[in-house]
2 protein chains.
Amino acid sequence: MTNDSLLRQWALLELIPRAPNQRHTSDLHQALVNRGYEVTIRTVQRDLLNLSRIFCLASNETGRRQAWFWMKGGSGIHLPLPDEPAALALLLAEEHLKPLLPPETLDLMKPTFAAAQRIVESTPHEGMAKWPERIQVIDRNPLQKPPALDSRVQHTVYTALFQNQKLKLNYQPRYKKKPSEYTISPLGIVSHRGLLYLVVVGDYDPFQLALHRITAAELLDEKGESPTDFTLGGYVNDDQAFTNRRFGEPIKLVIRMQEYAAKHLAECQLSTDQTIEPDTSGKEGWKRITATVNENEELHWWLNSYGAGVEVIEPSALRKAMCETAAALRKHYEPS
Amino acid sequence: MTNDSLLRQWALLELIPRAPNQRHTSDLHQALVNRGYEVTIRTVQRDLLNLSRIFCLASNETGRRQAWFWMKGGSGIHLPLPDEPAALALLLAEEHLKPLLPPETLDLMKPTFAAAQRIVESTPHEGMAKWPERIQVIDRNPLQKPPALDSRVQHTVYTALFQNQKLKLNYQPRYKKKPSEYTISPLGIVSHRGLLYLVVVGDYDPFQLALHRITAAELLDEKGESPTDFTLGGYVNDDQAFTNRRFGEPIKLVIRMQEYAAKHLAECQLSTDQTIEPDTSGKEGWKRITATVNENEELHWWLNSYGAGVEVIEPSALRKAMCETAAALRKHYEPS
DNA sequence: AAGCCATGCGACAATTAACGTCGCATAAAA
DNA sequence: TTTTATGCGACGTTAATTGTCGCATGGCTT
């Protein structure tokens, strides 16, 4: 019976939802029967009891009915187990994601990271007791902290997005005291500068709502609508709110740069056709760099961030913009 | 039998390594016996055969011996299955990680993301056929591309780090034609501005090697050494190579900022004591922001990236630095 | 080249646990 | 209180898992 028994128990494990949700035994039995495992409910009961002694399953006994679920903190199952190098890489990835994603989102990946952690910790290497000491991530952006996110709202919104259902939202606009109420169809999620936005459509054109400003969300039993020819990519490119995308054609960038910064560029290329040459204009230790890139806000930030460590030569429009920045900056600090 | 049989099969699954590695049946049997499952090897053989019909297991038959492993492309097992919102969040996380981590590192997380993808794709919602359309990440840094990494080197290095073993490395310095050879003890991994560095110690003081410049790595059968009192955190803080950390005490930052930028700060706080007030100096639509932050290179970049959109008021040392930047920048574009 | 050893695997019998059925206990609903 | 639904213990039957044996095969040694 290896055949049937193991497969059935496996299917059963897949049918059980994770912690906030739960499922009654009879439900699970029904689902199993539908999948072709024709056993009595008694067998399902026994299976559940057995499995719960091995895995992190628990039952919520409301009266006489038992509803089963995967325990929240439980490590879950992750096979094949990551080998040791993979486990270290996973922990590194976790460190990277921490500042990027809302904690609620990160929690969803916990089982994966927990598996990695167990691998690392279960190895009796004396040095590994302090495994966090082996990993450092120092390029996260520690300056700004993402706003708190209501995990229930997030769950509801994602569910609606996934099932293409309409939503009723309470939304707290930035400059109003009282929240507004929207009834909308969700179209997509955009992650922009560390904030999550829900792109929606109501009675008129699509617009976006900041996820962290949604104070309550309720699933409606109505199918979501979507404008014909709407694509999230197109929306993000067109809309003024997300000006981060390229505008226009790629440009041929020519800049002068201090050597220490150019060193970094040598390894992290701007483009495949990037060239780095000694600068011939007489600046000691500077490099001349050419590359084909998209012109967007990101590029401006990147150029600005080097302060006086970079000089834009071409294209002339970009150089002119930098000139204006320099002039405006001068006014701040050397008012005439 | 549920008791023993299921547990044993589970233990067996955990003992099987993933694709590049493999393990012989007798090995697995030994390991099971050591773990207290006293069965004959015949049972193990049968279990393996059964399990391989359900899971992505395969055996490599060299002559008469069978060596088992988890298939490389195989989806593996991931339980509890992420529910639909979690699956979307995972795919979002994957998009975030793509530009941050070397592809080789990302591959190690494939099973997790694959599970999410299967969830999303297996749902027959008509809209979800094009699930990537529902998710956009536009704050990744598309400007610079991380260098290629040798996955075998990465694997070897991580293994050495994990097991605290010495390594023999071929290293290609940035400005030398020929690679050098090092015999070192690994101390840790540092992720810095998108590059991975291996901190090591040889005969003298600890130093770091860029992981992507290591052309070959070989595990030595010798225990790694570590200077007494060495901590990776301390090294990163002290060493000149990683100047990204704070230097000195936190400072009380006072800046003027354009309103559109300040809006973003209102949600992603610089610090918990951050204040945003209308600017009284007469600049129309500007805000005055105060916050307590660490002064580090990151802060300088961040301030610079706004170009003329920000003016530092205090502390005076920082303002002076910005003055100098403005002056230097002016020389680039308005040579006197 | 031949014998030896290790391993895989088919077959078979004995054990054993898994399964369905029945009945009782219990909690919620009526 | 009665009714209904569910959980669970018990029991007998069924069926599968397990250990043992034997044979076949491939590699290694002498």
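None of the values given here were measured: they were computed from a predicted structure. Residue numbers begin at 1 in each chain, while the letters A, B, ... track the order of the sequences.
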Length of the CD-C1' vector between A/Gln9 and C/dA17, whole Å: 12 Å
d(CZ, A/Arg23; P, D/dT6) in whole Å: 15 Å
Between C/dA6 (C1') and B/Leu28 (CG): distance, integer Å: 16 Å
For B/Gln22, side-chain hydrogen bond (donor to acceptor under 3.5 Å, both in side chains) partners two or more places apart: B/Asn60
Minimum-distance nucleotide (side-chain atoms of A/Thr43 versus C/dA6, C/dC19, D/dG7): C/dC19
Listed partners of B/Ala216 passing side-chain contact (heavy atoms from CB on, under 4.5 Å), at least two apart: B/Asn170
Base versus backbone protein contacts along nucleotides 24-30 of chain C [heavy-atom cut-off under 4.0 Å; B, S, -]: --BSS--
d(CG, B/Leu48; C1', C/dC9) in whole Å: 13 Å
Audit row: B/Tyr158, B/Leu211, side chain to side chain contact (heavy atoms under 4.5 Å, CB included) steps and yes/no: CA-CA 11 Å; B/Tyr158 279 27; B/Leu211 206 56; 4.2 Å; yes
Side-chain touch A/Thr25/A/Trp68, heavy atoms, less than 4.5 angstrom: yes
For atom CD of A/Gln45 and atom P of C/dT21, their distance in whole Å: 14 Å
Working for side chain to side chain contact (heavy atoms under 4.5 Å, CB included), residues B/Asp150 and B/Thr215: CA-CA 7 Å; B/Asp150 187 321; B/Thr215 53; over 6 Å; no
Any B/Gln9 side-chain heavy atom under 4.5 Å of A/Leu6 side chain: yes
Touch class at under 4.0 angstrom, heavy-atom based, for A/Gln66 against every strand present: sugar-phosphate
A/Ser26 vs D/dA5: side-chain N/O to OP1/OP2 distance below 4.0 Å: no
A/Thr159: partners by side-chain hydrogen bond (donor to acceptor under 3.5 Å, both in side chains), with sequence neighbours left out: none
Aromatic ring pairing A/Trp10/B/Phe55, orientation class (parallel under 30°, perpendicular over 60°, tilted between): perpendicular
Gap between atoms CZ and C1', on B/Arg65 and C/dC9 respectively (whole Å): 16 Å
Between D/dG19 (C1') and B/His29 (NE2): distance, integer Å: 11 Å
Partners passing salt bridge (Lys or Arg N to Asp or Glu O under 4.0 Å) against A/Arg213 (at least two apart in sequence or in another chain): B/Glu267
Quiz item: B/Arg46 side-chain donor-acceptor pair to D/dG19 base, under 3.5 Å: yes
Separation of D/dA5 P from A/Gln30 CD (nearest whole Å): 14 Å
Residues in contact with DNA chain D, drawn from residues 32-42 of chain B - heavy-atom cutoff 4.0 Å: B/Glu38, B/Val39, B/Thr40, B/Arg42
